[in-house]
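What's counted below: heavy atoms across the whole structure, side chains too, no hydrogens, waters or symmetry copies. Numbers restart at 1 for each chain; the letters A, B, ... are given by sequence-line order, proteins then strands.
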Amino acid sequence: MTGLVRKILAAAMGKCQITAPSHIEIEVPKEEAYGDLSTPVAMGLAKELRRPPRKIAEDIVRCIGEKERDEYFSRIEIAGAGFINFTFRDEFIHRELKRLLAERENFLKSDIGGGLRIQVEFVSANPTGPLHLGHGRGAAVGAALSNLLMKAGFRVEKEYYINDAGRQVGLLGESVFARYQELLGIGYPFPEDGYRGGYIIDLAREIIASEGEKYKNFDYIACEKFFKEYSCGRMLELIRKDLEAFGVVFDTWQSEKELYETGVVAEMFRYLREKGFAYESEGAMWFSATRFGDEKDRVIEKANGEYTYFASDIAYHKKKVDRGFDELIDIWGADHHGYIPRVKAALRALGYSGDKLTVVLVQMVALLRGGVPVQMSKRSGEFVTLREVMDEVGADTTKFIFLTRRPDSHLEFDLETAKAQSAENPVFYVQYANARISSIFRNARERGIDVDNIAGENIPLLKEPEEIRLIKKLLLYPMVFENAVTAREPHRITYYLQELAGLFHPYYNRHRVLGEEPELTSARLALAEAVRIVLREGLETLGLTAPERM
RNA sequence: GCGCCCGUAGCUCAGUUGGAUAGAGCAACUGCCUUCUAAGCAGUGGGUCAGGGGUUCGAAUCCCUUCGGGCGCGCCA
């Protein structure tokens, strides 16, 4: 619908010698009285043309062909400071609804991506413990964003980056080793900053079960590799399972260690040195980040010969671009925001634009229970896991809460409210609309109505204000979808779905779909089917289920 | 000290990339189940968009500044 209006406006402006802006803004007025769609385009042109906006609007409206006007609109009005407001004819709306039923999901999406390849990297939590709620937020956002882009015709790859090469996995291995010795009655000093969670002891027990006392009294150095790899592997398994239960799956898992083993890091060093983007100073190797927009140069190889985390990170992003992605999206915890300039600097040094990378920052989640903060401390190992939250409040509710906020907004997640709300939770409100429609169809089938071939030939009978409103809302989905895609903001879909459900429930309450007159019944079934198509599509995009019964 | 994010109804948050009289959910109150699912519907109240200044036809949105909160600023990851 927006595309149509845009085209008509552009044609009209051409006809009366007004140069149209490259992008004609179309919006949905907040007041229904202002029509279905609106454009402030005349106001934007006022300055340039040195004419009053209302006059410009009048000209544009006058230049809209009579044929188009009659075919699509019941009203075109100039209002306020110079808005042009359009109201669609019911006949047009009905035609579009019929088209939606014929084309189904395809009506709702548009090919914005054109086959471009995007990699979305998200979660990427250190494999040193179970996922917590903050990771869940990143998972929900990343998965929904990936779905959204996929539906928009991008070729999307979802990747999880495994930090299995640094100090953290070292600590993990040694922590498990310490617990292992402890369980076998050997005193071993627990590493400082080690992981103290109960799952470490579980891992140690597992090792005793499978390996027995093989490593009792060993030097840690002698079995470090085993403890690290075993623990890391098990943690990854756990993480993968938790994510799967949360409904999030990845296409690829990139190991940091592998970047070293396959020479990607070394290759990166060679490249930077050859280009003169790396230099030695104070015994360390530095990357000249300032030359590429960062505040200061960054160490990539320490004086003691170890590489910094940033070194493998440059190599990692080099590998990403080398693999030919047109765009990279990294979803990071907001506490890493300071890293953006240096990673973009690295990309520039590698010969790519910094714009190739979009970093989506996901704010931390403050976990509350009944208004009281739940203390989370990795040190003591006491933190609430994503798994626990899922078990307590449900995966759909958890995801929905994450997807009704902008990723970069601070978020309070109150377990009590999330549960207490469960009766009147927004996610159920949306899903319930779908379940109700499914129920209608079950009943219709029992009555012997053919519900498998709904073509919508009786759609013109839909005249009630609630019906017209509902149809118009359905037809707006493509616009919401496009905006969500270009802004990379899945939460817009969430809000749309709530609004759609908010129109369906009152309609349902006021008008019977399955009535006495077969024609009207068939028309309303067609509408219900269309609502169901859109609800399912939206829920699927967000990674939520669309239950048929509740 | 410097940088980034944020401040919107009692609470949790949206606000269509600068548009019209700032919205939703929760919480509170009043009604509605002999007809397709009451996880629903109908109705009632609630605002100095943190404060101040500026940019313009027009600002919650952009710029400056003050206050308040969060996070960064390692040869940590």
Side-chain angles (χ1 to χ4, degrees), chain A residues 25-31 33-34 38-40 43-44 46-47 52-53 79-83 85 126 128 163 165-169 171 193 282-286 295-296 298-304 306-310 312-313 333-341 361 363-364 366 371 401 404-406 408-414 417 420-429 431-433 435-444 446-447 476 479-480 483-484 486-487 489 491-492 494-496 498-499 501-502 504-515 521 524 528 549-550:
Chain A
E25 210 184 313
I26 304 285
E27 49 193 54
V28 181
K30 358 185 182 188
E31 290 287 330
Y34 294 144
S38 171
T39 179
M43 284 131 86
K47 192 170 194 179
F83 290 98
N85 297 335
N126 283 341
T128 53
N163 294 114
R167 190 178 117 87
Q168 300 308 321
V169 276
L171 276 173
D193 299 329
E282 299 165 54
M285 181 67 66
W286 298 69
E295 311 184 312
K296 45 177 112 168
R298 309 288 176 181
V299 171
I300 44 182
E301 187 184 338
K302 306 184 216 170
N304 65 9
E306 285 173 21
Y307 297 107
T308 62
Y309 172 85
F310 183 47
S312 48
D313 233 25
D335 52 338
H336 288 84
H337 66 84
Y339 258 73
I340 298 174
L361 294 176
Q363 269 293 351
M364 324 245 103
I401 288 173
T404 37
R405 273 111 172 142
R406 288 198 344 268
D408 63 338
S409 70
H410 299 262
L411 164 59
E412 285 189 7
F413 194 108
D414 194 311
T417 357
Q421 275 181 26
S422 67
E424 288 173 43
N425 196 300
V427 69
F428 294 118
Y429 186 75
Q431 289 176 326
Y432 189 50
R436 272 182 154 173
I437 294 171
S438 298
S439 173
I440 293 172
F441 277 93
R442 282 193 296 271
N443 289 323
E446 264 175 40
R447 291 189 187 193
L476 280 177
M479 182 190 91
V480 175
N483 289 340
T486 48
E489 290 180 352
H491 74 270
R492 296 186 188 214
T494 319
Y495 276 86
Y496 170 87
Q498 294 188 70
E499 287 164 14
F504 177 75
H505 286 305
Y507 172 61
Y508 175 92
N509 217 260
R510 189 148 177 186
H511 303 286
R512 279 192 67 83
V513 172
L514 304 176
T521 295
R524 288 184 171 171
R549 287 173 209 274
M550 290 174 72

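Base pairing analysis places B/rA22 opposite nothing; no Watson-Crick or G-U wobble pair with both distances below 3.5 Å involves it.
Summarising the geometry, the separation between CD on A/E27 and P on B/rU61 is reported as 17 Å, rounded to the nearest angstrom. A straight line from OH of A/Y508 to P of B/rC33 spans 16 Å, rounded to a whole angstrom.
A/E306 comes within 4.0 angstrom of no nucleic acid atom, judged by non-hydrogen atoms across all strands. In this structure, A/A46 reaches neither bases nor backbone, as no heavy-atom distance under 4.0 Å exists between it and the strands shown. Looking at heavy-atom distances under 4.0 Å, A/F441 makes no contact with the nucleic acid at all. As judged by a 4.0 angstrom heavy-atom cut-off over every strand, A/A79 is placed among the base-contacting residues. Across all strands shown, A/N163 has no heavy atoms under 4.0 Å from either base or sugar-phosphate atoms.
The separation of B/rG45 from B/rA28, taken at their C1' atoms, amounts to 9 Å, rounded to a whole angstrom. Here, B/rU12 and B/rA50 have their P atoms 15 Å apart, quoted to the whole Å. Only the P atoms considered, B/rC2 is 9 Å distant from B/rU66, to the nearest whole Å. Atom name C1', nucleotides B/rU55 and B/rA14: the rounded distance is 27 Å, in whole Å.
Side-chain atoms of A/Y495 come within 3.5 Å of backbone N or O of A/T404 as a donor-acceptor pair.
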Protein within reach of the bases, or only the backbone? For nucleotides 5-14 of chain B, mark each nucleotide 5' to 3' as B, S or -, using heavy atoms under 4.0 Å. SS-----SSS
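Using a 5.5 Å limit on the distance between ring centres and a 30° limit on the angle between planes, the aromatic ring of A/F83 counts as stacked on the six-membered base ring of B/rA20.
The side chain of A/Y432 contributes an N or O atom lying less than 4.0 Å from OP1 or OP2 of B/rA39. Put simply, A/K296 has a side-chain N or O that comes within less than 4.0 Å of OP1 or OP2 on B/rG74.
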For nucleotides 41-44 of chain B, give me every protein contact, N/O to N/O, under 3.5 Å, one pair per line with atom names.
| from | atom 1 | to | atom 2 | distance (Å) |
| --- | --- | --- | --- | --- |
| B/rC41 | OP1 | A/Y429 | OH | 2.5 |
| B/rC41 | O4' | A/N509 | ND2 | 3.4 |
| B/rC41 | O2' | A/N509 | OD1 | 3.3 |

